[in-house]
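Below you'll find the structure, written out as C-alpha cells, and then a few comments.
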Amino acid sequence: MAKYFEVQVTMHHEIDNGKGVKIKKVKENYLVDAMSVTEAEARVVKQFVDSAIQLEYEVTGAKESKILEVIA
C-alpha cells in the first residue's frame with residue numbers, strides 16, 4: 001500500500017513596491033508518494049533543483065498524510 005506525505009515548501013518572492021524591494025513568503029503544500037519523510041523531502045528538493053525556474057525555497061515541514069489513495 002502506498003504512503004503519502006504532505007511536504008510544505010516556503011518560497012521567497014522579491015516584490016518591488018516602488019519603495020524598495022520586499023520579500024514575500026508563499027507557502028505551498030505538495031502531496032508526495034514516498035516510503036518515508038526523508039524520501040518525500042528529497043523528491044521535492046529534486047523537483048525544485050531540476051526545475052527550469054530557479055526560486056529561493058525552503059522545505060519547512062513534512063508529515064504523513066491521512067489520504068488513503070489517489071484516484072486518477
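It should be emphasised that the depicted structure is a prediction, and the values quoted were computed from it without experimental measurement. In this chain, residues are counted from 1 in sequence order.
Leu55 is connected to Tyr30 through a chain of hydrophobic side-chain contacts under 4.5 Å among Ile, Leu, Val, Met, Phe, Trp and Tyr, so both are in one cluster. Linking ILVMFWY side-chain heavy atoms closer than 4.5 Å, directly or via other members, places Val26 and Phe48 in two distinct hydrophobic clusters. Taken together through direct or relayed side-chain contacts under 4.5 Å among Ile, Leu, Val, Met, Phe, Trp and Tyr, Val37 and Val59 form parts of separate hydrophobic clusters. Linking ILVMFWY residues whenever their side-chain heavy atoms come closer than 4.5 Å, directly or via other members, places Met11 and Val45 in the same cluster. No path of Ile, Leu, Val, Met, Phe, Trp and Tyr side chains, each step under 4.5 Å between heavy atoms, connects Val7 with Val70, placing them in separate hydrophobic clusters.
Contact detail for Lys3 and Asp33: the closest heavy-atom pair is O-OD1, 3.2 Å. Of all heavy-atom pairs between Phe5 and Ala40, the closest is CB-CB, 3.7 Å. Nearest heavy-atom pair across Ile67 and Tyr4 is O-CD1, 3.7 Å.
By the 6.0 Å contact criterion, CD on Glu28 is enclosed, its count of non-hydrogen atoms from other residues, nucleotides or ligands being greater than 12. Summarising the local packing, CD of Gln47 is surrounded by 12 or fewer heavy atoms from other residues, nucleotides or ligands at distances under 6.0 Å.
Rounding to the nearest 0.5 angstrom, the gap separating the NE2 atom in His13 from the NZ atom in Lys25 is 12.5 Å. Between atom CD of residue Glu56 and atom CD of residue Glu14 there is a gap of 6.5 Å, rounded to the nearest 0.5 Å.
Considering only heavy atoms from C-beta on, Glu39 stays 4.5 Å or farther from Val32 through its side chain. In this structure the side chain of Val44 never reaches within 4.5 angstrom of the side chain of Tyr57, judged on heavy atoms.
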message = Is there a side-chain hydrogen bond (donor to acceptor under 3.5 Å, both in side chains) between Thr60 and Gln8? Walk through the geometry before answering.
response = CA-CA 6 Å; Thr60 53; Gln8 185 175 68; 3.3 Å; yes
